[in-house]
K.L.:
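The structure that follows is given in the form of structure tokens.
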Amino acid sequence: MEKDFEGKTALVTGGSRGIGRAVCLDLAKGGARVAVNYTSNAEAAEETVQTIIKNGGEASAFKADVSDPEEVQKMVAETEKTFGPIDLLVTSAGIVRRENHETLSFEIWKEIMEVNLDGTFLPVMAIKDGMLKRGFGRIVCIASIAGLRPRPNNIAYSASKAGVIGFVRSCSEALAPSIRINCLAPGLIETDMISTLAPEKRKAMIEATPIPRTGTVEEMANVVHFLLSEKASFVTGQTYVADGGRVTLP
Ligand code: NAP
């Protein structure tokens, strides 16, 4: 495997589980020193770190709630103290609460916005000035096809992910040319996040996908790898959809 990220420092929010975990393993394989962020599942974060170390890589876990400005600042400072300036950032921390217009409360709306949208804004803002000063930065924010399609039973989540896409698009112009920033918009991916999906809903979603299955976290990490690497050297401000073709259908 090519060492696309040799000598680089990477921070992955939500790196303890799911898509973020697969991104951490992939970046470490590519030669990066990896800061694995988590908020509550220390065991999962440590498992990710130990897997990387066992495979000959460098990693450490950093606890921080991405929706808390002080915790994010502290996580960035500790990461840079441990591994040096952050070159690569992936924001994968996220939550879902499937509520329709009748059940969605303002509290749930705010919770989702805080983790998914503030939790994208805060790490990017905390890291961008250092990247600009050094003239190098690569960022991928994990959005969702829910940010591109209507989701009547997932209104707040859908709005938060559309927000991420808009934020990234505007940042791409503001931060160019030193920083490239893109989104990945996954479809249905096999992680803890979809374990609460009702079986009939899951079946219907898979049947409505031209490649009729769930995606894997490794498939997501492959796209993130490309977007962070110099193979994507002319790509910024984009939303790369990886969803088995679901978003193209009505
Ligand atoms: P997951 O398996 O549920 O993992 C969620 C991760 O986010 C965990 O590492 C968790 O940390 C972390 N996290 C949650 N709240 C946090 C907070 N406040 N501060 C810091 N970390 C926090 O989820 P996933 O499926 O990998 O999802 C990753 C991203 O992809 C999310 O942004 C999600 O919206 C997006 N996405 C997922 C799918 C899908 O089908 N799975 C589809 C489209 C988009 P702990 O381990 O400490 O809890």
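Note: hydrogens, waters and symmetry copies are ignored here, and every other heavy atom, side chains too, is used. In each ligand, atom 1 is the first atom listed, and ligand 1 is the first ligand listed.
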K.L.:
Of the listed options (G187, C141, S144), which comes nearest to atom 38 (C) of ligand 1 when hydrogens are ignored and any heavy atom counts?
P.N.:
G187
K.L.:
For I53, I'd like to know if atom CD1 has over 12 heavy atoms of other residues, nucleotides or ligands within 6.0 Å.
P.N.:
yes
K.L.:
Specify the closest pair of heavy atoms between R246 and A208, including all atoms of both residues, with the distance to one decimal.
P.N.:
CD-O, 3.1 Å
K.L.:
Please confirm whether Y157 comes within less than 3.5 Å of ligand 1 when only nitrogen or oxygen atoms on both sides are compared.
P.N.:
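Yes: some nitrogen or oxygen of Y157 is under 3.5 Å from one in ligand 1.
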K.L.:
Could you pull out the closest heavy-atom pair between V140 and C183, with the gap in Å?
P.N.:
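Smallest heavy-atom distance, with atoms named: CG1-C, 4.5 Å.
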K.L.:
Need the ligand 1 atom indices (1-based, order shown) with element for anything under 4.0 Å from a heavy-atom of A64.
P.N.:
19 (N), 20 (C)
K.L.:
Which residue and atom name correspond to the protein heavy atom nearest atom 16 (C) of ligand 1, and how close is it?
P.N.:
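In this structure, atom 16 (C) of ligand 1 has T39 CG2, 3.5 Å as its nearest protein heavy atom.
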K.L.:
Please check: side-chain N/O of R138 versus main-chain N/O of L227, any donor-acceptor pairing under 3.5 Å?
P.N.:
no
K.L.:
Salt bridge between E78 and K63, side-chain N to carboxylate O under 4.0 Å?
P.N.:
no
K.L.:
Is there a donor-acceptor pair closer than 3.5 Å between any side-chain N or O of E71 and the backbone N or O of D65?
P.N.:
yes
K.L.:
Nearest protein heavy-atom contact for atom 29 (C) of ligand 1: which residue, which atom, what distance?
P.N.:
S92 O, 3.0 Å
K.L.:
Is the shortest side-chain N to carboxylate O distance from K203 to E207 below 4.0 Å?
P.N.:
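Yes, this pair counts.
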K.L.:
So, R21 and T191: side-chain donor and acceptor under 3.5 Å apart, yes or no?
P.N.:
no
K.L.:
Do me a favour and list the nearest non-hydrogen protein atom to atom 10 (C) of ligand 1 with residue, atom name and distance?
P.N.:
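Ranking protein heavy atoms by distance from atom 10 (C) of ligand 1, first comes R17 NH2, 3.7 Å.
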K.L.:
Could you tell me the residue and atom name of the protein heavy atom closest to atom 9 (O) of ligand 1, and the distance to it rounded to 0.1 Å?
P.N.:
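Checking every protein heavy atom, the shortest distance to atom 9 (O) of ligand 1 gives S16 OG, 2.7 Å.
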K.L.:
If I take atom CG from residue D68 and atom CG from residue L122, how far apart are they, to the nearest 0.5 angstrom?
P.N.:
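D68 atom CG to L122 atom CG measures 8.0 Å (nearest 0.5 Å).
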K.L.:
Short question: side chain of K3, backbone of K29 - any donor-acceptor pair under 3.5 Å?
P.N.:
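Flag set: sc K3 to bb K29 pair under 3.5 Å.
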K.L.:
Nearest protein heavy atom to atom 44 (C) of ligand 1, by residue and atom, and its distance?
P.N.:
A143 O, 3.2 Å
K.L.:
Would you say I194 and ligand 1 have an N/O pair spaced under 3.5 Å apart?
P.N.:
no
K.L.:
For ligand 1, find out whether one of its N or O atoms is nearer than 3.5 Å to an N or O atom of K161.
P.N.:
yes
K.L.:
Which atoms from ligand 1 have a heavy atom of I19 less than 4.0 Å away?
P.N.:
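Reading through ligand 1 atom by atom, the close ones are 26 (O), 30 (O), 37 (C).
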K.L.:
Which heavy atom in K161 sits nearest to a heavy atom in I142, and how many Å separate them?
P.N.:
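The answer is NZ-O, 3.1 Å.
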K.L.:
Could you say whether the N/O atoms of P186 and ligand 1 ever approach to under 3.5 Å?
P.N.:
no
K.L.:
Around atom 24 (P) of ligand 1, find the nearest protein heavy atom and jot down its residue, atom name and distance.
P.N.:
T191 OG1, 3.6 Å
K.L.:
Please report which non-hydrogen protein atom sits nearest to atom 19 (N) of ligand 1, along with the residue it belongs to and the distance in Å to one decimal place.
P.N.:
V66 N, 3.0 Å
K.L.:
Hey, is CD on E230 packed in by over 12 heavy atoms from elsewhere, all under 6.0 Å?
P.N.:
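Correct, the count exceeds 12.
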K.L.:
Quick test of your reading of the structure: of S40, S160, A93, whose heavy atom lies closest to atom 22 (C) of ligand 1?
P.N.:
A93
K.L.:
Which residue from G18, G14, G94 reaches closest to atom 5 (C) of ligand 1 through any of its heavy atoms?
P.N.:
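Considering heavy atoms of G18, G14, G94, the nearest to atom 5 (C) of ligand 1 sits in G94.
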K.L.:
Geometry only, no angles: is N41 polar-contacting ligand 1 at N/O separations under 3.5 Å?
P.N.:
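N/O-N/O distance under 3.5 Å: yes.
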K.L.:
Please classify the N37 to ligand 1 contact at 4.0 Å (heavy-atom distances, strictly less than): side chain, backbone, both or neither.
P.N.:
side chain
K.L.:
What protein heavy atom sits nearest atom 27 (O) of ligand 1, and how far off is it?
P.N.:
M193 CE, 3.9 Å
K.L.:
Going by the order shown, which atoms of ligand 1 are within less than 4.0 Å of some heavy atom of L188?
P.N.:
40 (O)
K.L.:
With a heavy-atom distance limit of 4.0 Å, tell me whether I189 approaches ligand 1 through its side chain, its backbone, both, or neither.
P.N.:
both
K.L.:
Check ligand 1 against V115 and write out every atom of the ligand that is under 4.0 Å from a heavy-atom position of the residue.
P.N.:
15 (N), 18 (N)
K.L.:
Does G20 reach ligand 1 with a nitrogen or oxygen that is under 3.5 Å from one of the ligand's nitrogen or oxygen atoms?
P.N.:
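No; every N/O pair is 3.5 Å or more apart.
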K.L.:
Checking N37 side chain against V12 main chain: does a donor-acceptor pair fall under 3.5 Å?
P.N.:
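No, N37 side chain to V12 backbone: no donor-acceptor pair under 3.5 Å.
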K.L.:
For a quick check under 3.5 Å, do S160 and N116 share a side-chain donor-acceptor pair by atom type?
P.N.:
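Their side chains do contain a donor-acceptor pair, which is all the 3.5 Å distance test asks for.
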K.L.:
Which atoms from ligand 1 have a heavy atom of D65 less than 4.0 Å away?
P.N.:
17 (C), 18 (N), 19 (N)
